[in-house]
Amino acid sequence: MEKVALANGIEIPIVGTGTNTYGKEDNQYNGELNGDFSALESAIEVGYRLIDTAISYRNEAGVGKTVAESGIPREEFYLTTKIPADDRYVGSKESVEQTILNSLENLRTDYIDLYLIHHPIESIEKLKHTWEVLESFVDKGQIKSIGVSNFTVEMLETIKGFARIQPAVNQIQSNPHTWNDEVIEYMKNNNIVAEAWGPLSRVTDEQKARLEQIGENYGKNWGQVLLRYQIQRGVVVIPKSHNKERQLSNLDIFDFDLTVEDTVIIKSL
Ligand SMILES: NC(=O)c1ccc[n+]([C@@H]2O[C@H](COP(=O)([O-])OP(=O)(O)OC[C@H]3O[C@@H](n4cnc5c(N)ncnc54)[C@H](OP(=O)(O)O)[C@@H]3O)[C@@H](O)[C@H]2O)c1
């Protein structure tokens, strides 16, 4: 697995698995929790080690259990979770601290590889105290890297103004519907790694057909072409599938290079 170095020197796998519908009835985001983590077991079995969860997915504990029971050493995994921007979690320093301690317990681990603020926090004061607590957990070694999600350039600039430890990652939507190129360009210039959520979402049939056509030159499908496009430009991807074949397919993207001409077409989709 290829890796990308974060600003702090720690490496993150360039492909991971999303989990936002894992452990839920009918594979629905808002579905009841049913304890079925077979999709995550299968993802681990086929080789995924970066696992992206969040408190709002309600499945941290199931992810922690599945990882612990995989028999694979903890150090081989790269676990990401996210604190929601609601007052219940970020309202005070104490609530942030308690939230992180709960994540550590749910994930059955002594340290979390990457802890993100899931969405922008409107109040600068709350953003600041949340960040300070995250920094203090980095100091203690209980979190290895900290970052944000769904932050605009302006919000990244705000955090840059006061952060002692700069955000290592900004997880944002990036797919043919919304590439988010402006923020990705800013991040590249500011040593913040871009991680694409929904990398296989919001692709029209027409775009899929165009991507399939490009893929014919490489013996790859539309999803592989899209994921390759992202990793070729240094963007970490976290595709999610409940299907083992597609989980495998989404990992099978390291044996070809898209030509510049093809990347230009994909960019303009
Ligand atoms: N930070 C945030 O605000 C935020 C927001 C959204 C998501 N996320 C994270 O990002 C992860 C990924 O995003 P996502 O789950 O929304 O969407 P995604 O990974 O872009 O797409 C998932 C969908 O694509 C299908 N799929 C997967 N591989 C495929 C392939 N090779 N060919 C055709 N279809 C394929 C899956 O269906 P099957 O299961 O049937 O294969 C599923 O319906 C999430 O799970 C979550 O961890 C973060």
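For ligands, and for the atoms within them, numbers begin at 1 and follow the listed sequence. Just the heavy atoms: all of them, side chains too, but no hydrogens, waters or symmetry mates, feed the values below.
- At a 4.0 Å heavy-atom cut-off, ligand 1 does not touch T53 at all.
- Checked against a 3.5 angstrom limit, the closest N/O atoms of G198 and ligand 1 fall inside it.
- Within 4.0 Å of atom 8 (N) of ligand 1, at least one protein heavy atom is present.
- Between N243 and ligand 1, no pair of N/O atoms sits closer than 3.5 Å.
- Remark: aromatic rings of Y22 and H242 are close, center separation under 6.0 Å.
- In terms of hydrophobic clustering, with Ile, Leu, Val, Met, Phe, Trp and Tyr side chains grouped at heavy-atom distances under 4.5 Å, V15 and I44 are assigned to different clusters.
- Nearest protein heavy-atom contact of atom 39 (O) of ligand 1 is H242 N, 2.7 Å.
- For residues 50-73, the ring-ring contact (aromatic ring centres under 6.0 Å, His included) pairs, not counting sequence neighbours, are Y29-Y57, Y57-H118.
- On a distance-only criterion, S241 and ligand 1 share at least one N/O pair closer than 3.5 Å.
- Looking at atom 6 (C) of ligand 1, its nearest protein heavy atom turns out to be W197 CE3, 3.2 Å.
- Comparing S174, G18, S201 against atom 18 (P) of ligand 1, the shortest heavy-atom distance belongs to S201.
- Protein heavy atom in closest approach to atom 31 (N) of ligand 1: N250 OD1, 2.8 Å.
- Closer than 4.0 Å to atom 3 (O) of ligand 1 lies at least one heavy atom of the protein.
- One option in W222, Y29, Y57, Y22 has a heavy atom closer to atom 46 (C) of ligand 1 than any other, and that option is Y57.
- No path of Ile, Leu, Val, Met, Phe, Trp and Tyr side chains, each step under 4.5 Å between heavy atoms, connects V138 with Y78, placing them in separate hydrophobic clusters.
- Looking at N175 against ligand 1, nothing comes within 4.0 Å, counting heavy atoms.
- With E195 as the fixed residue, the side chain to side chain contact (heavy atoms under 4.5 Å, CB included) test singles out one of I172, V237, V235, I12: I12.
- Using modelled atom types, one finds no donor on one side chain facing an acceptor on the other under 3.5 Å when comparing N243 with Q247.
- The single protein non-hydrogen atom nearest to atom 11 (C) of ligand 1 is I238 O, 3.3 Å, given as residue, atom name and distance.
- Protein heavy atom at the shortest distance from atom 23 (C) of ligand 1 is K240 O, 4.0 Å.
- Of the protein's non-hydrogen atoms, the one nearest atom 47 (O) of ligand 1 is D52 OD2, 2.7 Å.
- Of all the listed residues (R246, H119, K208, Q173), R246 holds the heavy atom that lies closest to atom 40 (O) of ligand 1.
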